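Worksheet: the structure to be examined is printed underneath.
Each chain gets a letter, A, B and so on, in the order the sequences are listed, and its residues count up from 1. Keep in mind that this is a model prediction, so the values were computed, not measured.
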Amino acid sequence: MSDIKVVIVTADAREDRATTTGTKAWELFADNADVIAARVSTGSTGESSLKDLSYVLADGDVVEGVEMASKDGHDILRHSTAHVMAQAVQQLFPEAKLGIGPPVTDGFYYDFDVETPFVPEDLAKIETAMRKIIKEGQRFERRVTTDADAIDELQDEPYKIELIGLKGGAGADNTEGASVEVGAGELTIYDNVRRNGDVAWSDLCRGPHLPTTKRIPAFKLMRSAAAYWRGDEKNKMLQRIYGTAWESKEALEEHLHRIEEAERRDHRKLGRELDLFSFPDEIGSGLVVFHPKGGVIKRVMEDYVRQRHIEEGFSYVGTPHITKDQLFYTSGHLPYYADTMFPPMEFEGSNYMIKPMNCPMHNLIYRSRGRSYRELPLRLFEFGSVYRYEKSGVVHGLTRVRGLTQDDSHSYVTPEQAPGEIQHLLDFVLGLLRDFGIDDFYLELSTRDDSKPDKFVGSDEDWAVATKVLEDVAVASGLDLVPDPGGAAFYGPKISVQAKDAIGRTWQMSTIQYDFNQPKGFELEYNGADGQKHQPVMIHSAKFGSLERFFGVLVEHYAGAFPPWLAPVQVQAIPVADTFSDYLYDVAKQMRAAGLRVEVDDSDDRMQKKIRNAQLQKVPFMLIAGGEDVEAGAVSFRYRDGRQDNGVPVAEAIQRVVDAVASREQV
RNA sequence: GCCGGUGUAGCUCAGUAGGUAGAGCGCCUCUCUUGUAAAGAGGAUGUCGCGGGUUCGACUCCUGUCACCGGCUCCA
C-alpha cells in the first residue's frame, strides 16, 4: 500500500492530505453526515466531475464534499429518488419499460412505457412502495460495463438500448435528460443492492448516486403526465411521473408551501377574484374579454406605452385586422405559418386572412412613397391586434392566447444605423419593463440552426452579421444571456426578454429582431446620400410582446396588489357610519377632479366589512372618515398592509395619492 | 395536435347503490350599523358544459363534442 496525496477543498480552505491507496472518498468526509457525494478534479486533466462516495481516490485528486442541500446535492438526491421510483414502478407494473429519469428544477421525473397511463391512485401506491425501498436501505452500487454487455443485459429495456446507441453522439445531447443515463465516457450500471447482497434492481446510469436509499430524507410524487420519447412528437408517448425530493421534511414542506403561495398568485385565479377579465366559452378558446377593472389596467398600460414610444421617436400608425393572403406570400410568412393561421375567408375572388403579425402592413406604409436616408431611422408603431391559431393544448390563461395585442414597432434603418437602433430599442425595452416594476428576467439570443437550412431564409453572411450585432448589444447590457440555438424566426435572429410566471414557467415578453429578408421581399428602398437606391434593414420590436401576456405577468408579479398608478380602484372611501357618506362623496369628488379613481362604499355593510372587502380587492388606499375626521376636515388612511395614518387634512390626503400615482411607486 | 384529469348556483365545493340537487361565501329584501379584515333575520339561486344513446327513469352508466386543468410537442 503506497501513499497517495489528495487535496480536500472546503468553502474557505484547501487541505493537503496523505492517505493510502484504495482510500475511498467517504473516508475523507466521515465526520460530515451532510456530504453525499464528491466533486473530484483529477490531477492530470484538471477536469472536475461528480463521484460517488465509494469512489477510490487517485494520487493528485482534488476533492470537495458535496452536501445534499447544494445544487449538485439536490440533483444527486433527486436522481437517486427517481431511481427508487422507477424500481417501485417496475415492482408494481412489471411490464413498464424505462425511459429516462433526470433531475429537473425542484424535482425529478422518470418516463415509462406502460399499456395503461398512471392514475392518481397509482401514484399513492408507488409512493408506498418507494417508502419501503427507502426503509430497506439499499446500496447504490456502481458497475462499469461495456456496450455489448449492457445491450445483452438490457434486452427487456428497448429505450435504454436506444440510448446506448446514441452514446457520445449528437443524439444524446439532443435528448433532454439523456446525458444522465449515458455520458460520453464509460458506460455504467447502478445496482440497488439489499443488505443481504441481493440485487433488487438495476438501471443503466451515469451516476453519481446517494450511498443508500436510506439517505433520501423527504420526497413526494407530484403528478403524472405524458411526454414524447426523446421529445419528438413523431415518437411514442411515454407516461411521465414528476416528483420532488429534499434534504429534510422541513425543506419539502417549504417547497410545497411555495407552490401553494404561487398558486395564490395565479393570474387566472386573481383575474376572476378581482373581476379583471374572463374567457367566455361563447367567444372561443384563447380569446379574452377585459372587464371594466381589467380595462382600466389595460388602458393605463397602453397610454403609458404609447406615450413612451412617441417620446422615443416612434410614429403611431394603424392597420387593419384582415388582408388578402398575397401579403403573407410577399412577406414569406405563409409557407412557414399556414398551419397556425386562421383559415382564409374567400370573397370577391380573393382569400382574406386574419393577420397573425403586423410587419407586412408596416412595410406597406414604408413603401407608400419614396424614402430618403434623411428619414431614417423611420420608426412605426401600433397596438396591433393579431390572431394565431394556437394549438388547443397550449392555450393558457393570458399567457398563451389566440387573440392578442402586440405593442409592435418596426424601425427601418440603414445597415450602419442598425447597431445603434438595437441598442436604443434594448434600452427602451428594459427601461419600460422597470417602469412597470418587472425586474426578474433574463435575455435569450435566438439564432438559426445551421443543420436545418430549410427553416431559415437568407445568406450565411447576412445571418452572421445580424447575429453578431444582436449579441454585442445583449452582452453589453450585462444581463444574463442564454443562447437559444435554432430559436430564431425564419427571417432573422432575435433577442428576447424572458420572464417567469407565478408557477415558474418562463414566458417570452419583449423581442428585438434583426430582419434583412422582408425588406428584400417587399423591395423596400431609400435614396442614399450618394443618390443611389439602397435597401434598409428592418428591426422588429415588441416591448410588452403581447399586451395580454404582460398583463398576466403583471397580475402575478404584484399578486393583484397593483401600485396605485395601475390599480383599477386607487382609493376606496369608507364611512365609519352612514352619516359620513356625504362628507366622503365630497372628498371623492375632489379626488376625481384630480384625476384619481375613487369609489365610496355606501353599501349597508358595517365599516369592518367594508374594510375587509377593500382589503380583498387589494385597493391601495382606504380612505376612512368618521366624526373625528369630519370635525378636523381630515380623513384617515389605511393601507393594504394594515398600516394606518389618521387625521390627514383632506388637501394633503389628495396630494399624497396624486403623488403616489405620478411617481408610479408601490405603496 | 398528443396523453391523462375535470366540468353541479356568480365563486369554492358536497352529492353515497341510476329515483329530476345541497353547503359556505356572494346576491336580493328587511332590521341594524360611530373607528380599521365578516351585524342579524328572511328569500331566490341551477337546462347538473352541450348533443346522442342505454333505461320505466340519467347529475350519476356509455358515446360524441366543447371548454378548462396538468404535462409533451409547438410558438412569426
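In the set B:C75, B:G71, B:A37, B:C75 carries the atom at the smallest distance from any side-chain atom of A:Lys455. Out of B:C68, B:G35, B:C3, the shortest distance to the side chain of A:Met237 is found at B:C3. Of the candidates B:U36, B:A38, B:U73, the closest approach to any side-chain atom of A:Glu233 belongs to B:U73. Among the nucleotides B:U36, B:G70, B:U73, the one closest to the side chain of A:Val394 is B:U73. Of the candidates B:A38, B:A76, B:G1, B:A76 carries the atom nearest the A:Thr340 side chain, counting heavy atoms from C-beta on. Relative to the side chain of A:Ala225, the nucleotides B:C32, B:A67, B:G71 differ in distance, and B:G71 lies closest. Ranking B:C68, B:U36, B:A39 by closeness to the A:Ile611 side chain, first place goes to B:U36. When the nucleotides B:G70, B:G35, B:C72 are ranked by their closest atom to the side chain of A:Val576, B:G35 comes out on top. Among the nucleotides B:U34, B:A76, B:U33, the one closest to any side-chain atom of A:Asp578 is B:U33.
Residue A:Asp604 is classed as a base contact, given a heavy-atom separation below 4.0 Å to a base. Residue A:Asp629 is in base contact, counting any heavy-atom pair closer than 4.0 Å across all strands shown. Counting any heavy atom pair closer than 4.0 Å across all strands shown, A:Gln608 reaches sugar-phosphate atoms only and no base atom. Contacts of A:Arg638 with the nucleic acid, taken as non-hydrogen atoms under 4.0 Å apart, include base atoms. If you check every strand for non-hydrogen atoms under 4.0 Å, A:Met607 touches sugar and phosphate atoms only. Counting non-hydrogen atoms under 4.0 angstrom, A:Ser392 reaches a base of the nucleic acid. In this structure, A:Asn646 reaches the bases: a heavy-atom distance under 4.0 Å links it to at least one base atom across the strands shown. Among the atoms of the strands shown, none is found under 4.0 Å from any heavy atom of A:Glu390. Within the nucleic acid shown, A:Pro356 comes within 4.0 Å of at least one base atom, counting heavy atoms only. Looking at heavy-atom distances under 4.0 Å, A:Gln513 makes contact with sugar-phosphate atoms alone, never a base. Residue A:Ala227 is in sugar-phosphate contact alone, with no base atom involved, counting any heavy-atom pair closer than 4.0 Å across all strands shown.
B:C68: Watson-Crick or G-U partner is B:G5, with both key distances under 3.5 Å. When Watson-Crick and G-U wobble pairs are counted only if both distances are under 3.5 Å, B:G43 pairs with B:C27. B:C61 and B:G53 make up a base pair, with Watson-Crick or G-U wobble contacts both under 3.5 Å.
Remark: the separation of the C1' atoms in B:G7 and B:C56 is 29 Å, to the nearest Å. For the C1' atoms, the distance from B:A76 to B:A58 is 48 Å, rounded to whole Å.
A close approach under 4.0 Å does not occur between any side-chain nitrogen or oxygen of A:Arg240 and OP1 or OP2 of B:C3. Considering only side-chain N and O atoms, A:Arg400 lies nowhere under 4.0 angstrom from the phosphate OP1 or OP2 of B:C74. When the side-chain nitrogen and oxygen atoms of A:Tyr242 are compared with OP1 and OP2 of B:C72, one or more of them lie within a distance under 4.0 Å. OP1 or OP2 of B:G1 lies within a sub-4.0 Å distance of a side-chain N or O belonging to A:Tyr389. Regarding contacts with the backbone of B:A76, a side-chain N or O of A:Lys494 is found under 4.0 angstrom from either OP1 or OP2. One finds no side-chain N or O of A:His396 lying less than 4.0 angstrom from the OP1 or OP2 phosphate oxygen of B:G71. A sub-4.0 Å separation between OP1 or OP2 of B:G4 and a side-chain N or O of A:Ser224 is absent. Here A:Lys609 reaches the OP1 or OP2 of B:G26: one of its side-chain N or O atoms lies under 4.0 Å away. The side chain of A:Arg505 contributes an N or O atom lying less than 4.0 Å from OP1 or OP2 of B:G70. Distances shorter than 4.0 Å separate some side-chain N or O of A:Arg272 from OP1 or OP2 on B:U12.
At distances below 3.5 Å, not a single donor-acceptor pair connects side-chain atoms of A:Lys269 with backbone N or O atoms of A:Glu263. Although no hydrogens or angles enter the test, the distance criterion places a donor-acceptor pair under 3.5 Å between the side chain of A:Asn235 and the main chain of A:Trp229. Distance alone, capped at 3.5 Å, places no donor-acceptor pair between the A:Gln518 side chain and the A:Asn363 backbone.
Taking for each of A:Val119 and A:Arg268 the nucleotide of RNA chain B with the nearest heavy atom, the 5'-most of the two is the partner of A:Val119. Between A:Pro117 and A:Gly647, it is A:Pro117 whose nearest contact on RNA chain B lies nearer the 5' terminus.
Within 6.0 Å of the CD atom in A:Glu523, the count of heavy atoms belonging to other residues, nucleotides or ligands does not exceed 12.
Side-chain to base pairing of A:Lys234 with B:U73: no donor and acceptor N or O lie closer than 3.5 Å to each other. Side-chain N/O atoms of A:Tyr228 and base N/O atoms of B:G1 include a donor-acceptor pair closer than 3.5 Å.
In this model, a donor atom of one side chain and an acceptor atom of the other lie less than 3.5 Å apart for A:Asp602 and A:Tyr585.
Between the CG atom of A:Leu123 and the P atom of B:C3 there is a distance of 19 Å, rounded to whole Å.
When the options A:Tyr491, A:Tyr514, A:Phe381 are evaluated for a ring pair (Phe, Tyr, Trp, His ring centres under 6.0 Å) with A:His540, the one that passes is A:Tyr491.
For the pair A:Lys543 and A:Phe314, the cation sits on the ring face: its NZ or CZ lies under 6.0 Å from the ring centre, inside 45° of the axis.
Here A:Tyr491 does not pack flat against the base of B:A76, since the 5.5 angstrom centre distance and 30 degree tilt limits are not both met.
Look at A:Arg643 and A:Asp645 and you find no salt bridge, because none of the NZ, NE, NH1 or NH2 atoms lies under 4.0 Å from a carboxylate O.
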